[in-house]
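Okay, so here's the structure we're looking at.
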Amino acid sequence: MKKTIPILALICLFGCTKNDAEKEGYLSDKLPFLSENLSATELALFKESMEFNQDNALISWNMTLLEKGSKERFDSVMVNISSEMGGSIDNIVIIDTLGNERKIDASRFRVNSLDGKAYILNDFNAPKTVFLITSTTCGYCIQFFDKANKLADDPRFLNVNFVALFGNSQETIDRYKTGTVIKNFGFLNKKWIAFSKDSNVIQSLKLDFVEREDGYPVLFYKKNGKLVKTNQIDQMEEILINLNI
């Protein structure tokens, strides 16, 4: 079985057991793709291997099954798990049974939001996440800011992650914020984790968005484990209600 050092190999010695429901919740929120890529037997073995610390961070697991179930997401998943454990994500090394080492380059999965906060791309794998692709140079988009903020503030949707992906550069967004139009239409509030076009989050998350074909705004959300794309932004409240059931 593979392991990671120095962060993971040492910490995995100390863990606490969770019941199946709690493990299912973690898999659903953090690792939903495992159920698609592992057999029922493999998934049961992985759940059996899971242990958590007192902060509910995963600290022990079957690395072979995690890699198989994560596929191309594996490096990103490892960065996210290491971050939750409180370790340095700049020193993650995977060692196989033959002693071969592979260092994970965490910088590929880190992005900074408009307010300067650092995120890991895997943070946005949770089922209850909506991605609003929008623009400060789109009339309908800026008119929708107020409605978007009300939905993000709605107590019914406290468990939803609201992510805004702008088709504008940081410079263009800053220009909007210091202009006169913002006085009439405002901007997305702090409940929205917002990224500029410069962050390349749309490409990194492999969202099926082509600007010249899809236009703005576009909403992505997960349904039955699959990403769904819609231009029907006026249906966002209904989508969020179904997402939060």
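- Of the possible donor and acceptor atoms, one in the side chain of Glu22 sits under 3.5 Å from a partner among the backbone N and O of Asn19.
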- Query: Run the side-chain contact (heavy atoms from CB on, under 4.5 Å) check on Thr134 and Leu165 step by step: do they pass?
  - Reply: CA-CA 6 Å; Thr134 187; Leu165 306 173; over 6 Å; no
- Task: Apply side-chain hydrogen bond (donor to acceptor under 3.5 Å, both in side chains) to the pair Ser199 and Ser196, showing each step before the final yes or no.
- Result: CA-CA 6 Å; Ser199 66; Ser196 71; 4.9 Å; no
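- A donor-acceptor pair under 3.5 Å is formed between the side chain of Ser49 and the backbone N or O of Phe46.
- Using bins of under 30°, 30° to 60° and over 60° for the plane-to-plane angle, the ring pair Phe124/Tyr119 lands in the tilted bin.
- To the nearest 0.5 Å, atom OG1 of residue Thr136 and atom CG of residue Leu188 are 10.5 Å apart.
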- Hey, mind stepping through Phe162 and Phe131 against ring-ring contact (aromatic ring centres under 6.0 Å, His included) and telling me if it holds? CA-CA 7 Å; Phe162 293 89; Phe131 301 96; over 10 Å; no
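- Judged purely by distance below 3.5 Å, without hydrogens or angles, the side chains of Asn231 and Asp214 never pair a donor atom with an acceptor atom.
- In this structure, the side chains of Leu34 and Ser70 come closer than 4.5 Å at one or more pairs of heavy atoms.
- Judged by distance alone, the side chain of Asn161 and the main-chain N or O of Thr129 form no donor-acceptor pair under 3.5 Å.
- Counting only distance, with no hydrogens or angles, the side chain of Asn62 and the backbone of Thr64 share a donor-acceptor pair below 3.5 Å.
- Note that NZ of Lys190 and CG of Asn149 are 11.5 Å apart. Values are rounded to the nearest 0.5 Å.
- Residue Ile233 holds its CD1 atom at 4.5 Å from CG of Leu219, rounded to the nearest 0.5 Å.
- Put simply, the side chain of Asn37 gets close to the backbone of Phe33: a donor and an acceptor are under 3.5 Å apart.
- Within the 3.5 Å criterion, the main-chain N or O of Asp208 finds a donor-acceptor partner in the side chain of Lys229.
- With respect to Ile239, the side-chain contact (heavy atoms from CB on, under 4.5 Å) criterion is satisfied by exactly one of Thr230, Val228, Leu151: Thr230.
- Cluster membership check: Val163 does not share its hydrophobic cluster with Val79, using side-chain heavy-atom separations under 4.5 Å among Ile, Leu, Val, Met, Phe, Trp and Tyr.
- Of the possible donor and acceptor atoms, one in the side chain of Ser82 sits under 3.5 Å from a partner among the backbone N and O of Met78.
- No donor-acceptor pair closer than 3.5 Å links the side chain of Trp192 to the backbone N or O of Phe187.
- In terms of modelled atom types and a separation under 3.5 Å, the side chain of Glu42 and the main chain of Ser39 share a donor-acceptor contact.
- A salt bridge links Asp146 to Lys150: at least one charged side-chain nitrogen sits closer than 4.0 Å to a carboxylate oxygen.
- Lys23 contributes a side-chain N or O that, together with a main-chain N or O of Lys47, makes up a donor-acceptor pair within less than 3.5 Å.
- For Tyr216 and Phe144, the distance between ring centers is not under 6.0 angstrom.
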- Task: Start with the C-alpha gap between Ile81 and Leu66, add the side-chain angles, then the distance that decides, and say whether side-chain contact (heavy atoms from CB on, under 4.5 Å) holds.
- Result: CA-CA 11 Å; Ile81 289 175; Leu66 179 64; 4.0 Å; yes
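- Transitive grouping of hydrophobic side chains (ILVMFWY, heavy atoms separated by less than 4.5 Å) keeps Val218 and Met236 in distinct clusters.
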- Message: salt bridge (charged side-chain N to carboxylate O under 4.0 Å, His left out) for Asp154 and Lys191? Distances and angles first, verdict last.
- Response: CA-CA 10 Å; Asp154 193 315; Lys191 292 290 182 67; over 6 Å; no
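- Phe74 and Leu205 are not part of a single hydrophobic cluster, where members link through side-chain heavy atoms under 4.5 Å apart.
- A heavy-atom distance below 4.5 Å is not found between the side chains of Phe195 and Leu114.
- How far OG of Ser28 is from NZ of Lys128: 8.5 Å, rounded to the nearest 0.5 Å.
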- Task: Decide yes or no on salt bridge (charged side-chain N to carboxylate O under 4.0 Å, His left out) for Arg156 and Glu237, but give the supporting numbers first.
- Result: CA-CA 10 Å; Arg156 293 176 295 171; Glu237 182 173 7; 2.6 Å; yes
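- In this structure, CD1 on Ile120 lies 3.5 Å from OG on Ser83, to the nearest 0.5 angstrom.
- Ile133 and Val201 fall within a single hydrophobic cluster, where Ile, Leu, Val, Met, Phe, Trp and Tyr side chains are chained together by heavy-atom contacts under 4.5 Å.
- Using a 4.0 Å cut-off between charged nitrogen and carboxylate oxygen, Glu171 and Lys197 do not count as a salt-bridge pair.
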